[in-house]
Amino acid sequence: MTAASGPLPETFESIRRAIPPSVTLIAVTKFLPVDTIRAAYGRGVRHFGESRVQEAIAKQADLTDLPDITWHLIGHLQTNKARKAVEHFDWIHSVDSLKLAQRLDQAAQDLSKAPRCCLQVKLVPDPPKSGIDAAALEPLLPQFDQLAYLKLCGLMTIPPQGASDSTIREVFGGAKTLAETINRANFSRLHIDQLSMGMSGDYREAIACGATLVRLGTALFGPRPPAP
Ligand SMILES: *Cc1c(COP(=O)(O)O)cnc(C)c1O
C-alpha cells in the first residue's frame, strides 16, 4: 500500500458509488495536490483528469510509484504541446480542431504511442468554449478518418455555463445522436464508442443520456483552489 490516505470529503465514497460500474469515473484533480490523488487512489480510483499538460507532468513525476494510473487530458491543448500530451497522457478528451488532431497523429507515429482521443464538440452555440460545431464537423469527418495512428474513439462535450435542464439534455442527447450518425457512415477507422460527458453539476443527466466517461472534480473533492 503505497498511497497515503489523505483526507477526502465524507461524500467522496457515496458519489463514487453513485456512478454505475459501466461508466468510467475520471477524478478531476486539476489544481489539487498530489496527496489528493494518492488519497483517491487509495480508495480505488485509477482514472485521473488534468486540464494542463505541465501541471500533469509535474504530478506524474511525483507519482511514479503508482504506475497503473490512467491519465486523461481534459483541458484545451495548444498544437505546440501535442507531442508532450501524447507522451504523458493515455487519453486526450479535448481534440478541438483538425489541425490539432493531425499534430497528435504525427506525434503518435513518432513516439509509437497512440492515446485514445475524443473530439470535443459543441451541440449548441457556445462562443467562449473550444470545440467543433456539430455542423462544421460533418464535412471534416473523412479527414479525421484518415489519421492512421490516433485512436479517435469518442466525443466529448460540455453544456454552456448556466444551461437550463432542457439545454443540458439537448447537448447530451445530441452528442449521443451525433455518435450514432458518425458510426452509420461506416468510416474505416473512425468509430465512436465513448461519450465523455458529465461534470459535477450534470453527471446524472449525462449518464441517463449514455455517457461512458464522467469527469468529476468538486463533487468528489469539494471546492478546488483557483487556477495558479
Ligand atoms: C474542471 C473540469 C471538470 C470537472 O469539473 P467539476 O465541475 O469540478 O466536476 C470536468 N471537465 C472539464 C473539461 C474540466 O475542465
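For ligands, and for the atoms within them, numbers begin at 1 and follow the listed sequence.
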> Taking 4.0 angstrom as the limit, do Asp90 and Lys151 come out as a salt bridge?
Replying inline: no
>> Just so I know, are the side chains of Ser196 and Thr212 near enough to count as touching, which here means a heavy-atom distance under 4.5 Å?
In response: no
>> Could you work out, with salt bridge (Lys or Arg N to Asp or Glu O under 4.0 Å) as the rule, every residue matching Asp202, not counting sequence neighbours?
In response: none
> Who's touching ligand 1 if we go heavy atoms under 4.0 Å?
Replying inline: Val28, Lys30, Ile74, Ile158, Met199, Ser200, Arg215, Leu216, Gly217, Thr218, Arg224
> Can you name the nearest heavy-atom pair linking Ser200 to Leu216, along with the distance?
Replying inline: N-CD2, 3.6 Å
> Salt bridge or not for Glu55 and Lys59, using N-O below 4.0 Å?
Replying inline: yes
> Between CZ of Arg103 and OG of Ser97, what distance do you get to the nearest 0.5 Å?
Replying inline: 9.0 Å
